[in-house]
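Encoded as structure tokens, the structure appears first; notes follow it.
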Amino acid sequence: NTEAMEQCRTTVSSQAGQFGAIGDGFSNQYGNPDIFGKLGASGAVQGAVTAMDQAGTQEFEAAEKVLRKVEGALDKIQTNVTDTEEANKHSMRAV
């Protein structure tokens, strides 16, 4: 069903963009240790926030890349199915 495959590919493409946008929102949101007050652990908290920010960015970028690969694979499947159907249609005419 080419319509169902196209709907799936379009949905995956949309989701990939959304994951990418979320990852972009994480990027470079490092806080100054002073925002956590004058506590001795302010630097450690800031370091943890920075590490979480970096991890979030990497994970959402990875998710976007995987979904882009799925989109590409679905596109190839669609192309192959269409090409095969066309070839079969033309071979039936030749008989």
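The basis for the numbers below is simple: all heavy atoms, side chains too, and nothing from hydrogens, waters or symmetry mates.
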Contacts of type salt bridge (Lys or Arg N to Asp or Glu O under 4.0 Å), residue Glu86, not counting sequence neighbours
Lys89

So, do Glu71 and Leu67 sit near enough that their side-chain heavy atoms are less than 4.5 Å apart?
no

Short question: side chain of Thr84, backbone of Asn80 - any donor-acceptor pair under 3.5 Å?
yes

Closest heavy-atom pair and its distance - Thr57, Gly23:
OG1-O, 3.8 Å

If you count heavy atoms of other groups shown closer than 6.0 angstrom to CD of Glu59, is the number above 12?
no

Under 3.5 Å side-chain donor-acceptor pair for Thr82 and Gln78:
no

Is Arg68 salt-bridged to Glu64, going by a charged N under 4.0 Å from an acidic O?
yes

Can you tell me if Thr11 and Gln7 form a side-chain donor-acceptor pair at under 3.5 Å?
no

Check this for me: Phe19, atom CZ, are more than 12 non-hydrogen atoms of other residues, nucleotides or ligands nearer than 6.0 Å?
no

Report yes or no: does Ser13 contribute a side-chain atom to a donor-acceptor pair with the main-chain N or O of Thr10 at less than 3.5 Å?
no

Check: Thr2 and Met5 side chains under 4.5 Å, non-hydrogen atoms:
yes

Applying side chain to side chain contact (heavy atoms under 4.5 Å, CB included), can you list everything that pairs with Ser42, at least two apart in sequence or on another chain?
Pro33, Phe36, Leu39

With side chains defined as the heavy atoms from C-beta onward, is the minimum distance between Glu3 and Glu6 less than 4.5 Å?
no

